[in-house]
Each structure stands twice: as C-alpha cells, then as structure tokens.
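Data first, discussion second: the structure below is written as structure tokens.
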Amino acid sequence: MLQIQRIRQEPEAIIEGLKKRGIDASETVHALIELDANRRSIRHEMEENQHSLNGLSKEIGELFKSGRAQEANALKQETGTLKEAIKDLNDRVQLIATKEHDLLLSLPNVPHESVKAGRDEKDNEEVKRVGTVPTLHDGAKPHWDLAEQYDLIDFELGVKITGAGFPVYKNHGARLQRAMINFFLDENRAAGYTEYQVPHFVNAASGYGTGQLPDKEGQMYEMPLDGLYAIPTAEVPVTNMFRDEIVNAKEFPIKSTGYTPCFRREAGSYGKDVRGLNRLHQFDKVEIVSITHPEQSYTLLDEMVAHVAGLLDKLELPYRILRLCGGDAGFTSALTYDFEVYSAAQERWLEVSSVSNFETFQANRLKLRFKDEDGKSQLCHTLNGSAMALPRVLAALLENHQQEDGIRIPAALVSYTGFDKIA
RNA sequence: GGAGAGAUGGCAGAGUGGUCGAAUGCACUGGUCUUGAAAACCAGCGUACCGCGAGGUACCGGGGGUUCGAAUCCCUCUCUCUCCGCCA
C-alpha cells in the first residue's frame with residue numbers, strides 16, 4: 001500500500017511511474033487527494049468539537065464535586081448538540097476513510113526508475129546470461145519422462161491420494177528434494193540469513209500484512225472452520241513475524257530464511273505450463289526475506305541477486321537474469337529480478353527464483369518501522385526472494401544433467417544427496 | 001472436547017466512573033562521578049493523526065453501548081493462559 005503522504009507530496013511522479021505498468025492512475029490519485037483533504041478538514045472540525053466537549057465534561061465534574069449540582073445540570077444541556085455534531089462528523093470521516101483505504105489498496109507499487117515500461121513478459125529486459133546450455137544426447141527427455149524412467153516422482157499416486165498438482169517424490173527423487181532443502185538453507189545461513197522454521201498456516205491478519213488479502217484469497221487454500229490459510233510462500237509467515245514492530249536500526253540488515261512447503265490453488269492453469277513439475281499446488285521452497293534502511297535497500301537487492309546467482313552457479317545450471325518490466329512485475333514490487341534456468345529438454349526458460357524490493361509498500365501495511373537518527377518512526381524497506389523454489393530447479397537439474405547412462409548430480413550437492421548419479 | 005482465569009506502555013505490574021496517556025520496577029537513551037567500567041545519582045523515555053507553532057485529538061485486545069465524562073460499568077467478538085480429557 002502506498003503512503004497517502006507520498007501521494008500528497010508527489011502525485012505527478014506517482015502517476016508517471018504507474019504508466020510503466022500500463023495504468024492510468026490519475027483519476028484515482030486525484031480522487032485520493034481530494035478525499036484526504038476532506039477527511040482531514042472534517043476530522044479537524046470533529047476534534048475541535050471533541051475538545052469543547054472534553055472541556056465541558058471537566059467543568060461539570062468540578063461543579064459536582066463542589067456541590068453545585070444545579071449549575072452542573074445546566075451545563076449538561078449544552079453537551080447534547082456537541083455530541084450529535086461529533087457523531088455526525090465522525091460518521092462522515094469513517095465513510096471517507098473507508099473509500100480512501102479502498103482506493104489506496106487498488107494502487108500497485110510505483111516501479112523503480114530502472115524499470116522499463118512494458119506490458120508483459122515479452123518486454124522484460126535480460127540483464128545477464130550465465131553458463132552454457134548443454135548439448136544433450138539423442139533421446140534426451142523432459143523431466144516428467146526422466147522422473148518416470150528413474151522412478152523419482154509418481155504423479156498418479158499424488159492424484160490418487162490428493163489430486164493433480166500434488167506429486168509424490170520417491171527414492172532418489174525424495175532424497176534429492178531433501179538434499180536441496182538442506183543445501184539451500186546452509187548456503188543462505190552462510191550468507192548471513194537467520195534460519196527460521198515457521199507455521200505453514202497463517203491467520204487473516206498475516207494474509208493482509210503481506211497483501212494476499214483482500215482480493216487474492218482465491219489463490220490460497222483456506223480453512224474456514226479455523227479462519228486459517230495455507231501459506232502460498234514462506235514470505236507470508238516470515239515477513240509477518242515483523243508485523244507491527246519497530247525494529248532496531250542497528251540490526252539492519254535483518255536477513256531471514258526459511259523452508260516451507262507452499263500451497264497454491266492455481267485455478268485456471270492448463271496446458272504445457274502445468275506439465276510435470278512446472279506448476280504445482282504443493283511445492284517446496286526456501287525463501288529469503290530482508291528488512292533494511294531505505295537508503296540501503298538497493299545495495300541489498302544486488303547482494304540478494306548475487307547470492308541467488310551463486311546458488312545456480314553451484315548447481316551448474318545455465319540461467320539468465322531478467323529485470324521485469326512494469327507490466328510484468330508483481331503488484332507490490334518496485335523492482336523485481338527473475339531468474340530463469342534454461343531447460344534443454346523442454347527448450348524453454350523456467351522461472352526458478354524471483355527477487356524483489358518492495359521499498360515501503362509492504363512495510364506500510366505491516367506497520368514495520370524503525371527509529372531514524374531524529375528518533376522519528378520511519379517505514380523500513382522489505383525485500384524477498386526465493387533461494388530457491390525446488391520443483392523447477394529439480395526439473396532443470398534432471399534435464400540439463402541427464403546423460404545416456406544416468407543423471408549427474410552437481411558436485412556441490414553430492415555431500416547432501418549421498419550419491420553422485422541417478423542411474 | 002469440558003471447566004475456569006485473564007488481555008494495560010519494550011517487559012513486569014498498579015489502577016473499579018472525573019485531576020489517568022496512565023503509578024512503580026526493570027530495560028533503554030543522555031548526563032554527573034570514574035583512568036575505564038560497574039554501582040550510585042540526575043534527566044529523558046509509548047504510538048498515530050492534525051497544526052508553522054502554541055497546542056489539539058485518538059488509542060489501556062477488536063467492535064458496539066450506557067454516561068456530561070469510561071482503562072474502570074454493560075453487550076459482543078477475538079486471542080492467551082491454567083486444569084481435566086485426548087495425543088505426536
């Protein structure tokens with residue numbers, strides 16, 4: 001959520017920025033400015049009345065105390081009109097505030113200056129390409145065939161016990177999953193991230209904190225009996241640990257990591273996008289979340305991007321880094337870098353990680369603040385990224401490292417898997 | 001699932017209708033003292049909004065009500081804790 005103060009201060013800059021997302025926000029922005037001005041002036045009037053009422057109440061109290069009940073009762077008559085006026089003004093303030101809040105929620109984050117205007121993924125900028133795409137032997141297969149050949153994943157079994165999109169990993173497939181989780185967590189920890197194990201269900205307040213609620217509840221599995229939601233990403237519980245907190249600026253940057261399964265309803269997906277591991281209802285992910293001073297967030301973003309790149313290097317996978325254009329970046333993001341690994345067998349790029357700076361957009365909803373040098377509260381900047389999402393990394397590993405006699409495990413993973421080849 | 005208790009500032013914990021934004025202690029910040037530190041002492045120390053400022057308004061889990069006036073009384077919701085039951 002954008003801050004209303006910022007909209008007041010630089011409406012034109014916001015309108016210009018949002019154009020990069022293909023959004024004309026000028027109507028909303030100007031409506032907000034007007035609502036906000038109205039709300040403040042009505043509220044001011046209400047507060048003046050409240051002030052008078054408070055004064056009268058005090059007088060009445062003192063009169064009663066000194067035994068002058070008659071004078072007190074006379075004063076009481078005067079409070080009636082004040083109370084009515086206050087109630088009326090308050091109703092108006094509430095009404096305006098609700099409208100204002102709804103409008104604010106409808107505005108996405110303003111893209112960073114480096115973000116290019118654009119509509120969709122076709123307009124994303126490739127900022128870096130690393131590694132070489134392997135030349136596969138004849139008869140190389142996509143991961144869903146490899147998974148069957150080597151008995152790594154049983155999709156049908158998942159359908160039987162739950163439904164489509166809930167695969168069962170087995171044998172070397174299951175062990176590889178476990179190895180990757182540990183590998184990623186260890187790497188993150190070594191890079192200064194504090195490891196957390198967090199709940200996989202969250203309450204509604206947390207859903208609001210990170211922006212899954214309202215409006216996007218359809219993307220989460222819900223347990224209405226208990227008012228809980230299955231998390232779509234560890235970002236939700238990890239970030240919400242800091243909701244309503246005033247953190248100590250001396251601790252910046254606050255870096256956290258956690259592994260969780262992620263649950264997504266993914267209603268309406270179909271076709272080759274959902275084949276095999278490409279899109280699932282349940283998958284594993286290790287997430288990194290950072291909180292820092294506004295002036296340091298972009299340095300930290302670069303650091304996080306470099307860290308994720310290092311993971312892919314160790315997994316010996318060819319990848320590219322994209323700077324998402326305005327139209328393709330997430331609602332809450334100011335700047336997002338996507339990591340895509342090339343899948344040699346599918347001959348397409350697979351998104352394996354997404355690293356974003358939300359600036360104050362998320363912190364505003366979370367009320368996540370710190371005290372600056374003047375002792376004033378300021379919103380923190382929050383960032384997060386996947387480090388990493390397992391299914392597509394697994395798909396890319398299987399496809400890129402397949403050889404005629406089996407699947408090679410990259411050296412960095414061998415100490416975690418306990419085997420260097422799946423044959 | 002059954003029974004009970006409770007929710008107050010970073011923490012602990014007073015406060016049962018007016019002078020309470022809220023005692024006290026701890027923690028924290030600054031200062032005095034000290035070679036330095038500790039101790040002691042002095043001072044400061046919640047959040048948000050409005051206002052150039054003086055200042056004002058709101059907030060004692062959330063919402064509603066009674067009252068001239070609510071942390072305090074009433075209703076309601078949520079959450080937490082304790083005991084019993086069940087149980088990895």
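In what follows, chains carry the letters A, B, and so on, assigned in the order in which the sequence lines appear, proteins first and then strands, with residues in each chain numbered from 1.
- B:C33 and B:A23: their P atoms are spaced 31 Å apart (whole Å).
- In this structure, the CD atom of A:Gln70 is 17 Å from the P atom of B:C68, given to the nearest Å.
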Exercise for review: Could you walk me through whether A:His172 and A:Tyr150 pass the ring pair (Phe, Tyr, Trp, His ring centres under 6.0 Å) test, one step at a time?
Suggested key: CA-CA 8 Å; A:His172 288 86; A:Tyr150 295 104; 9.0 Å; no
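- Take A:Glu16 and apply the side chain to side chain donor-acceptor pair (under 3.5 Å) test, not counting sequence neighbours, and it matches A:Lys19.
- Scanning for side chain to side chain donor-acceptor pair (under 3.5 Å) contacts around A:Thr98 gives an empty result, with sequence neighbours left out.
- Atom CD of A:Glu84 and atom C1' of B:U67 are 16 Å apart (whole Å).
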Polar-atom pairs under 3.5 Å, protein N or O versus N or O of nucleotides 74-76 of chain B: list them with distances, or write none.
none

Using atom names, set out every protein N or O paired with an N or O of nucleotides 18-23 of chain B below 3.5 Å, distance rounded to 0.1 Å.
residue, atom, partner, partner atom, Å
B:G18, N2, A:Ser57, O, 2.7
B:U19, O4, A:Lys65, NZ, 2.6

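- A straight line from CG of A:Asn73 to P of B:U67 spans 14 Å, rounded to a whole angstrom.
- Taking atom C1' in both B:G15 and B:U24, one finds a spacing of 11 Å when rounded to whole Å.
- For the P atoms, the distance linking B:G64 with B:A58 amounts to 15 Å, nearest Å.
- Contact annotation: A:Thr79 does not reach the phosphate of B:G69 (side-chain N/O to OP1 or OP2, under 4.0 Å).
- Remark: the A:Asn188 side chain and the A:His307 side chain contain an N/O donor-acceptor pair separated by less than 3.5 Å.
- On the C1' atoms, B:G13 is 30 Å away from B:C84, given to the nearest whole Å.
- With respect to A:Lys160 and A:Glu156, no salt bridge is recorded, no charged nitrogen being found less than 4.0 Å from a carboxylate O.
- Without hydrogens or angle criteria, A:Ser356 side chain to A:Asn384 main chain gives no donor-acceptor distance under 3.5 Å.
- Using a cut-off of 4.0 Å between Lys/Arg side-chain N and Asp/Glu carboxylate O, A:Asp36 and A:Arg39 are scored as salt-bridged.
- For A:His281 against A:Glu266, the heavy-atom pair with the smallest separation is CE1-CB, 3.9 Å.
- Look at CD1 on A:Ile246: it is 10 Å from C1' on B:A48, rounded to the nearest Å.
- For B:C77 and B:A7, the C1' atoms lie 14 Å apart once the distance is rounded to whole Å.
- The P atoms of B:U57 and B:G6 are separated by 33 Å, rounded to the nearest whole Å.
- Summarising the base pairing, B:G18 is matched to B:C68 through a Watson-Crick or G-U wobble pair whose two defining distances lie under 3.5 Å.
- Nucleotides B:C41 and B:G51 have their P atoms positioned 44 Å apart, rounded to a whole Å.
- Residues A:Glu10 and A:Arg6 are paired through a salt bridge, judged by an N-O separation under 4.0 Å between the basic side chain and the carboxylate.
- Mapped onto RNA chain B by nearest heavy atom, A:Ser377 and A:Lys83 fall at different nucleotides, with A:Ser377 at the one closer to the 5' end.
- At a threshold of 4.5 Å between non-hydrogen side-chain atoms, the residues A:Thr292 and A:Thr299 do not count as touching.
- Base-pair partner of B:G6: B:C79 (Watson-Crick or G-U wobble, both distances under 3.5 Å).
- Rounded to whole Å, the distance from CD on A:Glu245 to P on B:G9 is 13 Å.
- Computed from coordinates, the A:Lys250 NZ to B:A27 C1' distance equals 13 Å when rounded to whole Å.
- Between A:Phe183 and A:Tyr416, the angle of the ring planes goes over 60°, which puts this pair in the perpendicular group of the 30/60° scheme.
- A:Glu359 and A:Tyr298 share a donor-acceptor pair across their side chains, judged by distance under 3.5 Å alone.
- Both distances falling under 3.5 Å, in either a Watson-Crick or a G-U wobble arrangement, occur for no nucleotide opposite B:A88.
- A:Val115 and A:Gly326 get closest at one heavy-atom pair: CG1-N, 3.5 Å.
- Near-neighbour residues of RNA chain B inside residues 95-107 of chain A, defined by a heavy atom below 4.0 Å, are absent.
- The residue among A:Gln5 and A:Lys76 whose nearest nucleotide of RNA chain B is located toward the 5' end is A:Gln5.
- Counting only distance, with no hydrogens or angles, the side chain of A:Asp123 and the backbone of A:Gly327 share no donor-acceptor pair below 3.5 Å.
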Nucleotides 57-64 of chain B: which of its N/O atoms have a protein N/O under 3.5 Å away?
residue, atom, partner, partner atom, Å
B:U57, OP1, A:His51, ND1, 2.8
B:U57, OP1, A:Asn54, ND2, 3.2

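- Partner assigned to B:C59 is B:G46, using Watson-Crick or G-U wobble distances below 3.5 angstrom.
- Summarising the geometry, the separation between NZ on A:Lys87 and C1' on B:G65 is reported as 11 Å, rounded to the nearest angstrom.
- Nearest heavy atom pair, residue A:Asn109 against residue A:Leu18, reads O-CD2, 3.5 Å.
- Base-pair partner of B:C41: B:G31 (Watson-Crick or G-U wobble, both distances under 3.5 Å).
- Ionic pairing of A:Lys255 and A:Glu303 is present here: one or more N-O contacts between side-chain nitrogen and carboxylate oxygen are shorter than 4.0 angstrom.
- On the C1' atoms, B:G21 is 37 Å away from B:C83, given to the nearest whole Å.
- Between B:C50 and A:Arg39, no contact under 4.0 Å exists linking OP1 or OP2 to a side-chain N or O.
- In terms of phosphate contacts, A:Arg40 brings no side-chain nitrogen or oxygen within less than 4.0 Å of OP1 or OP2 of B:A48.
- The interatomic distance linking A:Asn248 (CG) with B:U29 (C1') rounds to 12 Å, in whole Å.
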